[in-house]
Amino acid sequence: MTLSGIRTRFAPSPTGSMHVGNLRTALYEYLIARSLGGRFILRIEDTDQERQVEGAVDLVFRTLERVGLVHDEGPDVGGPCGPYVQSRRLPYYREMAGRLVREGRAYRCFCSRERLEALRSAKGSEFSGGYDRHCRDLPEEEIRQRLDAGMSFVIRQRMPLEGETRFVDSVFGEITVRNEELEDQVLLKSDGFPTYNFANVVDDHAMGISHVVRGSEYLSSTPKYNLLYEAFGWPIPIYVHLPLINGPDGRKLSKRHGAVSFEDLAAEGFLPAAILNYIALLGWCPKDNRERFTLPELEAAFSIDGISRSPAVFDLEKLRWFNGEYLRDLAPDAFLDLAMPWFRRVFPERDLDWPLLSSLLQPRIRQLSEIPDRIEFVRELPDHPLSLYENRKSKATPETAVLVLGACIPLFESLPEWSQALLHDRLVLLAQQLSMKIGQVMWPVRIAATGLEATPGGAIEMLAVLGRDVSLARLRAGLARLERGE
RNA sequence: GGCCCAUUGGUCAAGCGGUCAAGACGCCGCCCUCUCAAGGCGGAAACAGGAGUUCGAUUCUCCUAUGGGUCACCA
């Protein structure tokens with residue numbers, strides 16, 4: 001079977017949540033494949049028996065689906081290079097490791113973990129690190145003896161002791177490392193599982209991966225990968241190393257920076273499309289500097305040469321801006337559907353004029369999670385100081401408030417219908433009668449009704465949301481407070 | 001500490017020898033406006049430092065500084 005053409009893969013370890021860095025890697029891998037007419041493959045790298053997390057594989061599927069990164073081959077959809085789960089490819093890795101041992105490019109190492117640990121601590125602060133190649137040239141009979149004795153072993157790659165390894169990364173350019181820096185890395189662990197490095201190379205070749213896309217934390221170990229490809233006589237893939245994503249403090253983004261996984265962000269009211277759009281721009285910039293992109297638009301615009309080399313800081317503020325844009329672009333009923341669960345957090349039973357509230361909130365929020373706080377005033381009038389009735393711009397004062405509220409309460413009581421149109425007409429009329437500016441009458445009404453300096457709508461809209469009874473009760477209470485002066 | 005990489009406003013970033021050094025977020029101001037948003041207009045804000053190369057460096061080279069990555073039977 002020959003695999004040709006552009007092929008990229010997303011190869012997560014099922015160890016927990018979908019970090020935005022991982023998601024971005026998946027995105028770029030997807031985009032490289034799509035923009036070049038290639039195929040995007042999903043492979044699960046579950047070679048670490050101890051770090052498996054229940055349900056993590058499902059989370060990967062679900063997340064990719066939610067953001068629309070559809071893979072062409074993978075554990076669920078199959079493909080010509082299956083299985084796409086590393087724990088089911090064990091015999092293959094053993095065969096390949098055995099081949100390297102036979103050819104003298106790898107060897108069995110019987111060193112105990114204790115010895116290795118002692119080695120490391122002995123080097124101490126020097127940090128010259130690494131394995132001392134103790135078993136590299138064990139005599140044949142000694143190997144056979146230990147094997148017969150049932151000693152466990154790992155298989156290590158026999159690295160060249162001199163010379164240098166050079167490679168070209170599509171993003172970072174040419175990189176050269178002296179071979180003496182390279183450790184005789186473990187290929188096969190004593191439990192028979194391959195290490196990440198080994199399985200990765202073996203599978204990338206077996207699956208015909210043309211572009212190896214990954215975070216730049218792998219940059220310095222890439223020479224080891226290349227030496228493996230060479231040991232097997234396989235062609236070296238095109239490398240695309242991605243700049244890291246850091247937190248605001250300049251350190252690698254992690255849990256202590258708050259919500260950094262896709263599911264955290266989604267739970268906080270960010271739209272998948274907005275998240276995807278934002279992270280697409282973290283480390284990549286289109287030729288025309290455009291910012292708003294749908295996935296198909298990204299597929300058309302993406303190119304490797306737009307990837308940046310320096311790390312990017314994950315800026316929640318900018319994500320919030322993106323999210324606000326996406327929220328505003330939603331059709332009103334689509335926004336209502338998304339807002340409803342958040343409405344229900346404050347009003348599990350009671351119904352309000354949801355379409356009205358929804359239309360007021362849509363242009364005003366950036367995260368769905370802002371909704372509960374924004375409508376809490378409907379449930380209960382917030383404590384507020386009388387000084388709120390003072391507003392320079394509206395020329396409103398506690399004194400004018402008394403006049404306005406005193407006049408509009410009876411007016412509202414006799415209103416035949418509690419409609420925005422009617423409310424509006426009456427208040428405009430009232431302003432004329434009192435020779436006041438419109439804002440002068442609207443301000444105290446809104447304050448008395450909501451107790452808030454800023455509300456999701458004007459006075460009329462707030463009255464409509466609250467309904468006749470609640471509105472009147474609050475206006476009366478407001479007036480009484482003003483008259484008492486406290 | 002060794003090795004590798006990076007360095008344009010607070011953040012994302014354009015730039016790829018000659019620019020008054022784009023744009024976006026955020027911030028500030030003005031307009032619109034029954035508050036706040038949204039929208040419109042405007043503003044403050046950057047080439048880490050030092051040597052070279054060159055007629056000319058943000059762009060090329062070297063050094064320094066700072067930051068990051070990596071040195072596992074983790075990925």
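Chain A is the first sequence line, chain B the second, and so forth, proteins listed ahead of strands; every chain is numbered from 1. The figures that follow rest on heavy atoms only: side chains count, while hydrogens, waters and symmetry mates do not. Predicted model, so just to flag it, every value in this text is computed and none were measured.
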**Q.** Aromatic centroids of Y278(A) and F314(A) separated by under 6.0 Å
**A.** yes
Q) Expressed as a whole number of Å, how far does the C1' atom of C16(B) sit from that of C47(B)? A) 14 Å
Q) Which value, in whole Å, describes the distance between the C1' atoms of nucleotides U33(B) and G39(B)? A) 11 Å
Q.
Under 3.5 Å, is there a donor on one side chain and an acceptor on the other for E297(A) and T294(A)?
A. yes
(Q) Quick check: W284(A) with Y28(A) (ring centres under 6.0 Å apart)? (A) no
Q: Look up atom CG in L411(A) and atom CG in L423(A), then write down how far apart they are to the nearest 0.5 Å.
A: 9.0 Å
Q | Between A14(B) and U8(B) - P atom distance, rounded Å | A | 10 Å
(Q) Please check this pair: side chain of Q367(A) against backbone of E268(A), looking for a donor-acceptor N/O pair closer than 3.5 Å. (A) yes
Q) Counting only distance, no hydrogens or angles, is the base of A14(B) paired donor-acceptor with the side chain of K287(A) under 3.5 Å? A) no
Q: Using a 3.5 Å limit on both pairing distances, list the dot-bracket string of RNA chain B from the 5' end; Watson-Crick and G-U wobble pairs count, crossing pairs take [ ], interstrand pairs take |.
A: ((((((((.[[[..)..(....]]].(((((.......)))))....[[[[[..)....]]]]])))))))....
Q. Within this structure, what is the NE2-to-P distance between H424(A) and C34(B), rounded to whole angstrom?
A. 8 Å
Q.
Set out, in order, the CA-CA distance, both residues' side-chain angles and the distance that settles side chain to side chain donor-acceptor pair (under 3.5 Å) for S419(A) and H424(A), then state yes or no.
A. CA-CA 8 Å; S419(A) 72; H424(A) 182 263; over 6 Å; no
Q. Using a cut-off of less than 4.0 Å, is there contact between a side-chain N or O of R320(A) and OP1 or OP2 of C25(B)?
A. no
(Q) Quick check on contacts: within residues 443-459 of chain A, what sits under 4.0 Å from RNA chain B by heavy-atom distance? (A) W443(A), R446(A), E453(A), A454(A), T455(A), G457(A), G458(A), A459(A)
(Q) Looking at S190(A) and C73(B), is any side-chain donor or acceptor paired with a base atom of the opposite kind under 3.5 Å? (A) yes
Q. Just checking, R94(A) and F198(A): is the charged tip under 6.0 Å from the six-membered ring centre and within 45° of the axis?
A. no
**Q.** 5' precedence on RNA chain B between S394(A) and K189(A) (nearest-nucleotide basis)
**A.** S394(A)
Q) Is the Lys NZ or Arg CZ of R156(A) less than 6.0 Å from the centre of Y131(A)'s six-membered ring, within 45° of the axis? A) yes
(Q) Check this for me: does the side-chain of N289(A) come within 3.5 Å of the base of A24(B) through a donor and an acceptor? (A) no
Q. Expressed in whole Å, how much space separates the P atoms belonging to C25(B) and A38(B)?
A. 10 Å
Q | R292(A) to Y326(A) six-membered ring, cation-pi geometry met (6.0 Å, 45°) | A | yes
**Q.** OP1 or OP2 of C5(B) under 4.0 Å from side-chain N/O of S310(A)
**A.** no
Q | Same-atom distance (C1') from U64(B) to A6(B), integer angstrom | A | 15 Å
